[in-house]
Engineer: 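Could you have a look at this structure, given as structure tokens, before my questions?
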Amino acid sequence: TSSYFFLQGVGSQLSQQAVFSTLSFFGKKYPHAPLPVNSTFPAANSLSSTFITFFMVLVSKKFSLNARVAGSYYLLILFLSCLPFFANFMPDSDFSFWLCIFVLFMTGFFFTTANGSVAGLGGMFPAEYRSKNAVGSGCAGILTNVVKAIILWVVPSNSTQGETVGVYIY
């Protein structure tokens, strides 16, 4: 059971860590964006994360725990995998930029739904289980940055293809 909470902690944080770790990639893809990528991308995600918290009780009544957690993870995978696709096939496009903002806004809903559901479940168990969840969240950040460091070490810094591969790996 404690490994479940650890893995949920990792899973719930990977989506945000992936977004934060790839800001430089998206900044290069949208050099003439109407708003700065480094602040707008995280803000879109955080804004919807904050908004959904007001409705978590309603969401938890409407959807089962499995639907909230597993469904959110599946949708996060789907939405996040679209971001590098949009950036690579429509670079420096205002339409693509706003499409990425919309996707990031949607990921905030799913991130918070999964994270809040697991945190609520953890509250019904002894404190050590909630602690494992927090450790898993921290490990997600460490894992993402280690992977990024390895990719930057292995792939030449001027390689656009290597940078794109790195973004897909995140």
Engineer: Working to the nearest 0.5 angstrom, can you tell me the gap between Cys100 SG and Met90 CE?
Structural biologist: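 Separation between the atoms: 7.5 Å.
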
Engineer: Closest heavy-atom contact between Ala44 and Ile101?
Structural biologist: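 Taking every non-hydrogen atom into account, CB-O, 3.8 Å.
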
Engineer: Determine yes or no for a side-chain-to-main-chain donor-acceptor pair under 3.5 angstrom, with Asn115 supplying the side chain and Gln13 the backbone.
Structural biologist: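 Answer holds: no.
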
Engineer: Return the OG to CZ distance between Ser46 and Phe51, rounded to the nearest 0.5 Å.
Structural biologist: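 Going from OG on Ser46 over to CZ on Phe51, the span is 15.0 Å.
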
Engineer: Could you walk me through whether Tyr30 and Ser96 pass the side chain to side chain contact (heavy atoms under 4.5 Å, CB included) check?
Structural biologist: CA-CA 9 Å; Tyr30 300 110; Ser96 175; 2.4 Å; yes

Engineer: What's the spacing between Phe111 CZ and Leu14 CG if we round to 0.5 Å?
Structural biologist: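 Phe111 CZ to Leu14 CG: 10.5 Å, rounded to 0.5 Å.
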
Engineer: Do Ile77 and Phe63 share a hydrophobic cluster, counting only Ile, Leu, Val, Met, Phe, Trp and Tyr and linking them when any side-chain heavy atoms are less than 4.5 Å apart?
Structural biologist: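 The answer is no; the residues belong to distinct hydrophobic clusters.
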
Engineer: Can you check whether Phe109's main-chain N or O pairs, donor with acceptor, with Thr112's side chain at less than 3.5 Å?
Structural biologist: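 Flag not set: sc Thr112 to bb Phe109 has no pair under 3.5 Å.
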
Engineer: When you compare the side chain of Phe20 with that of Asn45, does any pair of heavy atoms fall below 4.5 Å?
Structural biologist: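 Of all side-chain heavy-atom pairs linking Phe20 with Asn45, none is under 4.5 Å.
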
Engineer: Working to the nearest 0.5 Å, report the span between CD1 of Ile142 and OG of Ser137.
Structural biologist: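 OG of Ser137 is found 11.0 Å from CD1 of Ile142.
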
Engineer: Could you check if a side-chain atom of Asn38 sits within less than 4.5 angstrom of a side-chain atom of Pro36, using non-hydrogen atoms only?
Structural biologist: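 When only atoms from C-beta onward are counted, Pro36 and Asn38 do not touch, as no gap falls below 4.5 Å.
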
Engineer: Does the side chain of Leu58 reach to within under 4.5 Å of the side chain of Lys62, using non-hydrogen atoms?
Structural biologist: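 Leu58 does not reach Lys62 side chain to side chain.
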
Engineer: Check the hydrophobic clustering (I, L, V, M, F, W, Y; side-chain heavy atoms under 4.5 Å; chains of links allowed) and say if Phe95 and Trp98 are grouped together.
Structural biologist: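 In one cluster with Phe95: Trp98, yes.
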
Engineer: Do Leu65 and Val57 sit in one hydrophobic cluster, given that two such residues count as connected whenever their side-chain heavy atoms are within less than 4.5 Å of each other, even indirectly?
Structural biologist: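 As far as the 4.5 Å side-chain criterion goes, Val57 and Leu65 are not connected within one cluster.
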
Engineer: Is the ring pair Phe41/Phe26 parallel, tilted or perpendicular, if the boundaries are 30 and 60 degrees?
Structural biologist: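 It falls in the tilted class, 30° to 60°.
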
Engineer: What's the shortest heavy-atom distance between Leu78 and Ser81, and which atoms?
Structural biologist: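 Closest pair (atom of Leu78, atom of Ser81, distance): O-OG, 2.9 Å.
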
Engineer: Can you see which heavy atom on Pro91 is nearest to which on Phe89, and at what distance?
Structural biologist: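 Distance-wise, the nearest heavy atoms are CD-C, 3.5 Å.
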
Engineer: Please name the pair of heavy atoms, one in Cys139 and one in Val10, separated by the smallest distance, quoted to 0.1 Å.
Structural biologist: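 Closest heavy-atom pair between Cys139 and Val10: CB-CG2, 4.4 Å.
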
Engineer: Just how far is it from atom CG of Asn145 to atom CD of Gln17, taken to the nearest 0.5 Å?
Structural biologist: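 That separation rounds to 6.5 Å.
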
Engineer: Output all residues satisfying side-chain contact (heavy atoms from CB on, under 4.5 Å) with Ala70, sequence neighbours left out; order by chain, then residue number.
Structural biologist: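 For Ala70 the side-chain contact (heavy atoms from CB on, under 4.5 Å) partners, ignoring immediate neighbours, are Tyr74.
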
Engineer: Indicate if Leu35 and Leu23 have the same hydrophobic cluster label, given that clusters are the connected sets of ILVMFWY residues with side-chain heavy-atom separations under 4.5 angstrom.
Structural biologist: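 In one cluster with Leu35: Leu23, yes.
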
Engineer: Could you check Phe5, Tyr4, Phe6 and say which one makes a ring-ring contact (aromatic ring centres under 6.0 Å, His included) with Tyr129?
Structural biologist: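 Per the ring-ring contact (aromatic ring centres under 6.0 Å, His included) rule, the option paired with Tyr129 is Phe5, out of Phe5, Tyr4, Phe6.
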
Engineer: Please answer whether the main-chain N or O of Phe125 pairs with a side-chain N or O of Arg130 as donor and acceptor at a distance below 3.5 Å.
Structural biologist: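 Side chain of Arg130 to backbone of Phe125: no pair is present.
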
Engineer: Has Ser131 got a side-chain atom pairing as donor or acceptor with Ala127's backbone, closer than 3.5 angstrom?
Structural biologist: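 Side chain of Ser131 to backbone of Ala127: no pair is present.
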
Engineer: Quick one, Phe25 with Asn88, criterion side chain to side chain contact (heavy atoms under 4.5 Å, CB included). Give me CA distance, side-chain angles, the key distance, then yes/no.
Structural biologist: CA-CA 10 Å; Phe25 168 81; Asn88 279 320; 3.9 Å; yes

Engineer: Please lay out, stage by stage, how Gln8 and Tyr73 fare under the test side chain to side chain contact (heavy atoms under 4.5 Å, CB included).
Structural biologist: CA-CA 10 Å; Gln8 291 299 331; Tyr73 289 157; 2.7 Å; yes

Engineer: Minimum heavy-atom separation for Ser49 and Ile52, please, with both atom names.
Structural biologist: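 Closest approach of Ser49 to Ile52, heavy atoms only: O-CG2, 3.3 Å.
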
Engineer: When the ring centroid of Phe86 is compared with that of Phe97, is the distance short of 6.0 Å?
Structural biologist: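 Judged by ring-centre distance (under 6.0 Å), Phe86 and Phe97 do not meet the cut-off.
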
Engineer: Might you point out which heavy atoms bring Met56 and Ser117 nearest each other, and give the distance in Å?
Structural biologist: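 Looking at all heavy atoms of both residues, the shortest contact is CE-OG, 3.9 Å.
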
Engineer: I want to check something: taking the side chain as every heavy atom from C-beta on, are Ser48 and Met106 in contact at a cut-off of under 4.5 Å?
Structural biologist: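 The answer is no, as the side chains (C-beta and beyond) never meet within the 4.5 Å cut-off.
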
Engineer: Report the C-alpha distance between Leu83 and Leu104 in whole Å, list the side-chain angles of each, state the deciding distance to 0.1 Å, and finish with yes or no for side chain to side chain contact (heavy atoms under 4.5 Å, CB included).
Structural biologist: CA-CA 8 Å; Leu83 292 175; Leu104 288 166; 3.7 Å; yes

